[in-house]
Amino acid sequence: MSETTATPPAHPIEFGDAKRRLKAIFIGSVGNLVEWYDFYAYTAFALYFAPAFFPSHDPVVQQLNAATLFAAGFIVRPIGGWLFGHLADRYGRRLSLTLSVVMMCFGSLIIALTPTYATIGFAAPALLALARIIEGLSLGGEYGASATYLTEIADPEHRGFYSSFQYVTLIGGQLTAILVLLLLQNVFLTHEQLVDWGWRIPFVIGAILAVTAMFMRRHMHETESFEAAKATMKKESSLKGLLKYPREVAIVVGLTAGGTAAFYTFTTYMQTFVKQTVGLSDITTTYVIAGSLIFAAVLQPIYGAISDRIGRKPLLIFFGLAGTLLTVPILTTLAGTKSAFVAFLLLCGAWLFTAGYTSINAVVKAELFPTAIRATGVAVPYAVTVSIFGGTAPAIALFFKQQGHEQWFYYYLAGIIFLSFLVYSTMRDTKHASAMERHE
């Protein structure tokens, strides 16, 4: 049941067909950008809103509380992955993707409108937790449906390149949040205004963007793979169907663990790390993180195109080996520098190997499963793994910092990447052994 088939030879792509694919990928990616803008705005503005929800004289404790809620949003991601994966596999990718941005809109509005701790007491962090749970459900479903849609809509010879735009737009969402932060910091508001009420603005913007994406996704074309699978689709539980592919599920878990830990370290946690450990100012920290994310976004399609030439496995092995050997030296050097430029270069160095995972992880997972179970197969094991290793990364790092052993986190991250490296070394290359043409 789990054997894969080689990808059939590709035929030349006509201009009209290529235009249709590009339009579909753009619409699917825009929604992905909005989802991640909303989700990342929480981290980008945590330095400002944490005091409003978690009163404390210790800023590290405030950030730890905020990071704990950030992790809580990941606990429900497997549920979101199952729910929206089931919708995508049973009723279509378009419906699942449209509903996910609607849910993200509600999460953003709750954060934007929730009164502070001083006004309503413990109800304030409780409502913040509810918003994070809603956003976690949404994002848990977004990844699997988006990865499946972008992979299925691409032509066989360029799946790595096209699917890499999932992380281009994912990083683009983070950059958009940072751009909003820069504008509010430097142009429109004072620091006091940001702490007092200005932190609500990005969440209002996120809700508006989500509504826009919802209307765009209503007109998405359904994928040919899903249409082909409908005729033979079995009416069974998506989780029951997933149990038929234990090897593929195990591979998704193994290849995701190190990659997601590295990704959330060099994106969400870096905002706090560069400010509190390196000691840069708020604005300088924002510039450093934004610059490194721009560099990361540029790498995604380059690495994706390379994978279309040489296969997926070499890039994954490169990430696993380089990440294992270089994570500790990079983070140790970063913690000791006081130069913004050196910090920027070190983060770019980290992205040179991290992009070996981020650029192609979506297509690798999609190529493991047949059409009828693909969205669920990508989403559920991925979401479980991200909940364990990705969403917890900032909280674990801050816990070690609070205990006075921040460097322990560096070795923790390198160890997780090494475990994934073992999986990369033993798995088959999905470019040459793909299940994309199987519709059962």
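Other residues, nucleotides and ligands place more than 12 heavy atoms under 6.0 Å from the CZ atom of Phe318.
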Mind running side-chain contact (heavy atoms from CB on, under 4.5 Å) on Phe353 and Ile330 for me, showing each step along the way?
CA-CA 12 Å; Phe353 61 80; Ile330 285 177; 3.7 Å; yes

Pair Asp308, Glu157 - check side-chain contact (heavy atoms from CB on, under 4.5 Å), show working.
CA-CA 6 Å; Asp308 288 325; Glu157 290 300 301; over 6 Å; no

Does the side-chain contact (heavy atoms from CB on, under 4.5 Å) test come out yes or no for Val288 and Leu347, once each step is laid out?
CA-CA 9 Å; Val288 169; Leu347 288 178; 3.9 Å; yes

Would you please test Phe409 and Lys401 for side-chain contact (heavy atoms from CB on, under 4.5 Å) and show each step?
CA-CA 9 Å; Phe409 176 74; Lys401 180 179 178 65; over 6 Å; no

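Put simply, CD1 on Ile251 and OH on Tyr245 are 13.5 Å apart, with the number rounded to the nearest 0.5 Å. Between the CG atom in Leu128 and the OG1 atom in Thr116 there is a gap of 12.0 Å [rounded to 0.5 Å]. Atom CD of residue Gln193 and atom CD1 of residue Ile201 lie 9.0 Å apart, to the nearest 0.5 angstrom. Taken from CZ in Phe263 to CD1 in Ile171, the straight-line distance is 5.5 Å, to the nearest 0.5 Å. For the atom pair CG (Leu398) and OH (Tyr269), the distance works out to 5.0 Å, reported to the nearest 0.5 Å. Remark: Phe203 CZ to Ile111 CD1 distance equals 4.5 Å, nearest 0.5 Å.
Not one N or O on the side chain of Arg374 forms a donor-acceptor pair closer than 3.5 Å with the backbone of Thr148. The backbone N or O of Ser163 sits nowhere less than 3.5 Å from a side-chain atom of Gln166 that would complete a donor-acceptor pair. Tyr424 places a side-chain N or O within donor-acceptor distance of the main-chain N or O of Leu255, the cut-off being under 3.5 Å. No side-chain donor-acceptor contact under 3.5 Å links Thr260 to the backbone of Thr256. Although no hydrogens or angles enter the test, the distance criterion places a donor-acceptor pair under 3.5 Å between the side chain of Asn361 and the main chain of Thr358. With hydrogens and angles disregarded, no donor-acceptor distance shorter than 3.5 Å links the side chain of Thr169 to the backbone of Gly172. Side chain of Thr376 to main chain of Trp82: no donor-acceptor pair is present (N/O by atom type, distance under 3.5 Å, no hydrogens or angles). Without hydrogens or angle criteria, Thr119 side chain to Pro115 main chain gives no donor-acceptor distance under 3.5 Å. Between the side chain of Ser100 and the backbone N or O of Leu97 there is at least one donor-acceptor pair closer than 3.5 Å. Between the Ser138 side chain and the Ile134 main chain, no donor and acceptor come within less than 3.5 Å of each other.
Pairing each heavy atom of Thr286 with each of Gln185, the nearest pair is OG1-OE1, 3.5 Å. Closest approach of Gly198 and Leu189 over heavy atoms only: CA-CD1, 3.6 Å. Smallest separation of non-hydrogen atoms from Ala207 and Ser108: N-CB, 4.0 Å. Across all their heavy atoms, Ala297 and Val168 have their closest contact at O-CG2, 3.7 Å. Here the shortest heavy-atom pairing between Tyr264 and Val386 reads CE1-CG1, 4.0 Å. Between Leu184 and Pro202, the closest heavy-atom pair is CD1-CD, 4.1 Å.
At a threshold of 4.5 Å between non-hydrogen side-chain atoms, the residues Trp408 and Gln403 do not count as touching. Side chains of Arg77 and Leu137 form no contact here, defined as non-hydrogen atoms less than 4.5 Å apart. For the pair Ile289/Ile178, a side-chain contact is recorded, criterion being any heavy-atom separation below 4.5 Å from C-beta on. Counting heavy atoms from C-beta outward, Met270 and Thr265 have side chains that approach closer than 4.5 Å. Put simply, the side chain of Val180 reaches to within 4.5 Å of the side chain of Phe45, judged on heavy atoms. Looking at heavy atoms from C-beta onward, Ile294 lies in side-chain contact with Leu175 at the 4.5 angstrom threshold. Using a 4.5 Å heavy-atom cutoff, the side chains of Leu331 and Leu346 are not in contact. Residues Tyr287 and Leu182 form a side-chain contact, since some pair of their non-hydrogen atoms from C-beta on lies under 4.5 Å apart.
In this model, no donor atom of one side chain and acceptor atom of the other lie less than 3.5 Å apart for Lys365 and Thr430. A donor and an acceptor atom, one from each side chain of Tyr412 and Gln407, are nowhere located under 3.5 Å apart. A donor-acceptor pair shorter than 3.5 Å can be found between the side chains of Arg312 and Ser307. Looking only at atom types and distance, the side chain of Gln300 has no donor-acceptor partner in the side chain of Ser164 under 3.5 Å away.
Using cut-offs of 30° and 60° on the angle between ring planes, the pair Tyr167 and Tyr357 is perpendicular. The aromatic rings of Phe161 and Phe165 lie perpendicular to each other, with more than 60° between the two planes, well past the 30° mark. Below 30°, between 30° and 60°, or above 60°: for Phe273 and Tyr410 the angle between ring planes is above 60°, a perpendicular geometry.
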